[in-house]
Amino acid sequence: MSKNNLTNHIDFIRAIVAEDIRTNKWDGRVVTRFPPEPNGYLHIGHAKSICLNFGIAAENPGGQCNLRFDDTNPIKEEQQYIDSIIEDIKWLGWDWGDRLYFASDYFEQMYEYAVQLIKAGKAYVCDLNADEIRQYRGTLTEPGKDSPYRNRSTEENLDLFERMKAGKFPDGSRTLRAKIDMAHPNLNMRDPVMYRILHASHPRTGDKWCIYPTYDWAHGLEDCIEKVTHSICTLEFENHRPLYDWYLDALGVYHPRQYEFARLNMTYTVLSKRKLLQLVQAGLVNGWDDPRMPTISGLRRRGYSPTAIRNFCKHIGVNKFNSTIDIALLEHHVRQDLNKTSLRVMAVLKPLKVVIDNYPKGKVEQLEAVNNPEDPNAGTRKVPFSRELYIEQDDFMEDPPKKFYRLAPGREVRLRYAYFITCKDVVKNADGEIVELHCTYDPATRGGDAPDGRKVKSTLHWVSAEHSLKAQVRLYDHLFTKENPDDVEEGADFKSNLNPNSLETLRDCRVEPSLANTKPLSRYQFERLGYFCVDPDSSEETLIFNRTVSLRDPWAKIQRGQVRSR
RNA sequence: UGGGGAAUAGUGUAACGGUAGCACGACUGACUCUGAAUCAGUUAGUCCAGGUUCAAAUCCUGGUUCCCCAGCCA
């Protein structure tokens, strides 16, 4: 029936949720959560997880998705990250109602659960340091051995744990560990650490705590406290699920189920907070929101729409095996959305002056242009036309090769919404560079149609020299030169694959005057060029546009082919 | 070499014993006042080897390859 299989296909996690509803496993409840650690900015990979978790909640009656910060490691976490994460998820269009939670709000409760485990003989204070714990843990193929502190009395454990909390011991000197099995084939089960001593100030709890729960201990409890039903995380946590289950079973408390899916990988891109942080800290990009970054804030500044990102996430699927999405798919979705929604304007990136010799000096006409052919409601606007214009340098060739349809000596083309013009003369400077074209126009073609029905091979965009506005335009290319940035020479790292030409700034661009009062983050299509977005740094004195993505450009491909075959 | 996962066109993703489909990409062509969009078409796939069955991507057996785990990160 449906041509698009996406409309009736559900991924394996949604299938589980649907089955649980059918069998009434959770009394019909659907509660998910998105649990970022506030130690970096959100990126397109997080968007996949956000759309999954919030999407599942939204698709099911009464479904809820909590936004919960997993802030259990004060050393890496900062308020600025909390703020950006909230902003980004809102911008993507998701809503968590009043359910903004923090793991740190549960610290007291977690502590009491830990005491409960000690009393049950299932946790103990260990005096081994980090090195020693590693040595005692064994290896992938050899079992570990028990800590000498494993069999302390409950009283001693309670007392030591209490003193850990009270700040009596230095960082790293003791831990609280679960008493499981030092010979377990899953290393996560070899008496994992539940609490470590960290005399560090926390963005939210300040200096109240000097012991902090580890991820494995904390995460299940967070899910438990919030009565989550489906705890969705990425594949690398699959090995942790037995521990997630062990803690909740040992406590005998409400027990959500954890499901794992593959994280997003994308060509020409790194999606690891660690690597993105490196780029920011090394100054290799201009901050987390640099338009070349795959962060949500970077994509926003680049000109991506929430709709484009959500459509992309909908189409990439959810699975249990690693895959790398072609960045062309992301670009496809942004073109698809922007084609429908963005206003068209004319802008000339690399201006070439054109003088219409037979057009009266001083005359100005206001010609009508369509704002968005995909949306009749967008209306029309007036664009000024005069004797001196700019066209794109790339739209003229003195000695045109085959398949070049644009302007050339003696050739007639259309100026969009204006007139047919014919090139009569080429003016060059002392270096032989083309600096000006002299053309004639046909007054009968006003508006762009020839009454005699004659055709031209191409239509060019243009601006009036006198009326156009100066602008700066930033052209972006992939941040990395290799599909897989981690494919590096011995001894090098991903940064060696950075694309030195990922940003090209054009400072002598001209845009039509209707753009005079445009606002930051407004999105446009520059006709025949691509989609562009007003940069937040833009001002009335200096208009700045970021190229989101170019239009599909068959001519560019033909040209590359012609260059190659030379 | 312990344990846990996973393999379908170039890429991504469906088909849950019954015609291997869709999207992106690539390539044709039509249309076009954006070489865009739109429309029509072409291209190309079940990791391997056995087995069960009228029928296998799907079930069974045995291989192969890839990913994750030895943080007091998440």
Side-chain angles (χ1 to χ4, degrees), chain A residues 2-6 8-9 11 15 35-37 39 70 72-73 75-76 126 128-130 133-135 137-144 171-177 184-190 192-198 211-212 214-216 218-219 233-242 260 262 267 273-274 315-326 328-333 335-336 339-340 344 346 369-370 373-374 403-406 414-418 420 445 447-449 456-461 483 525-530 550-558:
Chain A
S2 170
K3 202 179 168 188
N4 187 346
N5 67 339
L6 283 163
N8 44 34
H9 166 69
D11 59 69
E37 184 192 13
N39 66 346
D70 205 3
T72 57
N73 184 1
I75 290 168
K76 292 185 175 176
C126 181
L128 259 24
N129 66 31
I133 285 188
R134 191 180 320 121
Q135 280 159 19
R137 185 156 34 225
T139 68
L140 293 177
T141 51
E142 298 160 316
D171 284 6
S173 60
R174 285 185 166 82
T175 56
L176 183 74
R177 300 175 70 180
H184 199 107
N186 181 340
L187 267 50
N188 294 128
M189 301 296 272
R190 318 243 261 228
V193 170
M194 298 164 61
Y195 277 95
R196 71 278 213 190
I197 300 172
L198 245 37
I211 56 171
Y212 290 93
T214 55
Y215 169 84
D216 288 305
H219 206 88
C233 61
T234 44
L235 247 31
E236 66 269 28
F237 293 103
E238 212 156 15
N239 294 327
H240 295 244
R241 192 173 57 218
E260 308 86 12
T267 55
K273 277 198 271 187
R274 206 193 93 251
H315 281 76
I316 55 180
V318 178
N319 250 319
K320 281 187 77 90
F321 45 90
N322 300 308
S323 59
T324 302
I325 307 277
D326 192 336
L329 186 63
L330 214 212
E331 293 170 346
H332 161 76
H333 282 287
R335 284 193 186 103
Q336 182 180 268
N339 175 51
K340 285 185 291 197
R344 315 287 126 130
M346 291 197 284
V370 174
E374 304 286 327
K403 294 196 178 172
F404 182 86
Y405 302 150
R406 285 109 98 141
R414 172 169 39 234
L415 294 182
R416 182 142 223 223
Y417 301 123
F420 285 14
T445 58
D449 286 307
V456 287
K457 273 291 233 184
S458 82
T459 300
L460 310 186
H461 60 276
E483 277 199 20
Q525 184 197 97
F526 288 0
E527 294 221 29
R528 302 209 306 132
L529 296 174
S550 66
L551 253 28
R552 287 188 66 223
D553 188 356
W555 168 240
K557 266 179 211 163
I558 293 168

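So that the names make sense, note that chain A is the first sequence line, chain B the second, and so on, each numbered from 1.
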Using the C1' atom as the reference point in each nucleotide, state the distance between B:rG51 and B:rU43 in Å, no decimals. 35 Å
Take atom P in B:rU64 and the same atom in B:rA26, then report the distance between them in whole Å. 39 Å
Taking side chain as C-beta onward, heavy atoms only, is [X] less than 4.5 Å from [Y]?
X: A:Lys320; Y: A:Glu238; answer: yes
X: A:Ile316; Y: A:Leu329; answer: yes
X: A:Glu374; Y: A:Asn339; answer: yes
X: A:Arg177; Y: A:Pro192; answer: no
X: A:Met194; Y: A:Thr175; answer: no

Report each atom pair, protein N/O against N/O of nucleotides 26-28 of chain B, whose distance is under 3.5 angstrom.
unit_1, atom_1, unit_2, atom_2, d
B:rA26, OP1, A:Lys557, NZ, 2.4

Is the shortest side-chain N/O distance from [X] to OP1 or OP2 of [N] below 4.0 Å?
X: A:Arg528; N: B:rG35; answer: yes
X: A:His461; N: B:rU34; answer: no
X: A:Thr267; N: B:rU11; answer: no

Please classify the nucleic acid contact of [X] as base, sugar-phosphate, or nothing, using heavy-atom distances under 4.0 Å.
X: A:Phe404; value: base
X: A:Pro373; value: base
X: A:Leu551; value: base
X: A:Glu331; value: nothing
X: A:Arg274; value: nothing
X: A:Arg177; value: nothing

Separation of atom [atom1] in [X] from atom [atom2] in [N], rounded to whole Å:
X: A:His333; N: B:rC22; atom1: NE2; atom2: P; answer: 17 Å
X: A:Tyr405; N: B:rC31; atom1: OH; atom2: C1'; answer: 14 Å
X: A:Glu483; N: B:rU11; atom1: CD; atom2: P; answer: 9 Å
X: A:Arg335; N: B:rG35; atom1: CZ; atom2: P; answer: 15 Å
X: A:Asn339; N: B:rU32; atom1: CG; atom2: P; answer: 18 Å
X: A:Leu330; N: B:rU13; atom1: CG; atom2: P; answer: 15 Å
X: A:Ile325; N: B:rG25; atom1: CD1; atom2: P; answer: 14 Å

Quick check on A:Lys403: does its NZ atom have over 12 non-hydrogen neighbours (other residues, nucleotides or ligands) under 6.0 Å away? no
One thing to verify: whether A:Glu260 and A:Arg241 come together as a salt bridge, which I'm taking to mean a side-chain N less than 4.0 angstrom from a carboxylate O. yes
Decide if the gap between the ring center of A:Trp555 and the ring center of A:Phe404 is smaller than 6.0 angstrom. yes
The ring pair (Phe, Tyr, Trp, His ring centres under 6.0 Å) partners of A:Phe526 (sequence neighbours excluded) come to A:Phe532, A:Phe545
Look at the side chain of A:Asp326 and decide which nucleotide, out of B:rU1, B:rA37, B:rU11, has an atom nearest to it. B:rU11
Could you work out which one of B:rG35, B:rA36, B:rG25 sits closest to the side chain of A:His332? B:rG25
Please answer whether the main-chain N or O of A:Asn239 pairs with a side-chain N or O of A:Asn186 as donor and acceptor at a distance below 3.5 Å. yes
Ignoring hydrogens and angles, tell me if any N or O in the side chain of A:Asn319 forms a donor-acceptor pair with the backbone of A:Phe321 under 3.5 Å. no
Whether A:His315 and A:His333 hold their rings parallel, tilted or perpendicular, with breakpoints at 30° and 60°: tilted
Those residues at least two apart in sequence (or on a different chain) that pass side-chain contact (heavy atoms from CB on, under 4.5 Å) with A:Ile75 are A:Asn73, A:Leu198, A:Ala200
Collect all protein-nucleotide pairs involving nucleotides 5-9 of chain B in which both atoms are nitrogen or oxygen and the distance is under 3.5 Å.
unit_1, atom_1, unit_2, atom_2, d
B:rG5, O2', A:Glu238, OE1, 3.2

Which range-with-range stems can be found for RNA chain B when each stem has 3 or more Watson-Crick or G-U pairs in a row and both distances sit under 3.5 Å? B:2-7 with B:64-69, B:10-13 with B:21-24, B:26-30 with B:38-42, B:47-51 with B:59-63
Per-nt protein contacts along nucleotides 69-74 of chain B (heavy atom under 4.0 Å; B base, S backbone sugar-phosphate only, - none) come out as BBSBSB
Distance-only side-chain donor-acceptor flag, A:His184 / A:Arg190, under 3.5 Å: no
A:Val193: which of A:Leu176, A:Ile133, A:Asp216 passes side-chain contact (heavy atoms from CB on, under 4.5 Å): A:Ile133
5' priority, RNA chain B, between A:Asp11 and A:Asp449 [closest heavy atom]: A:Asp11
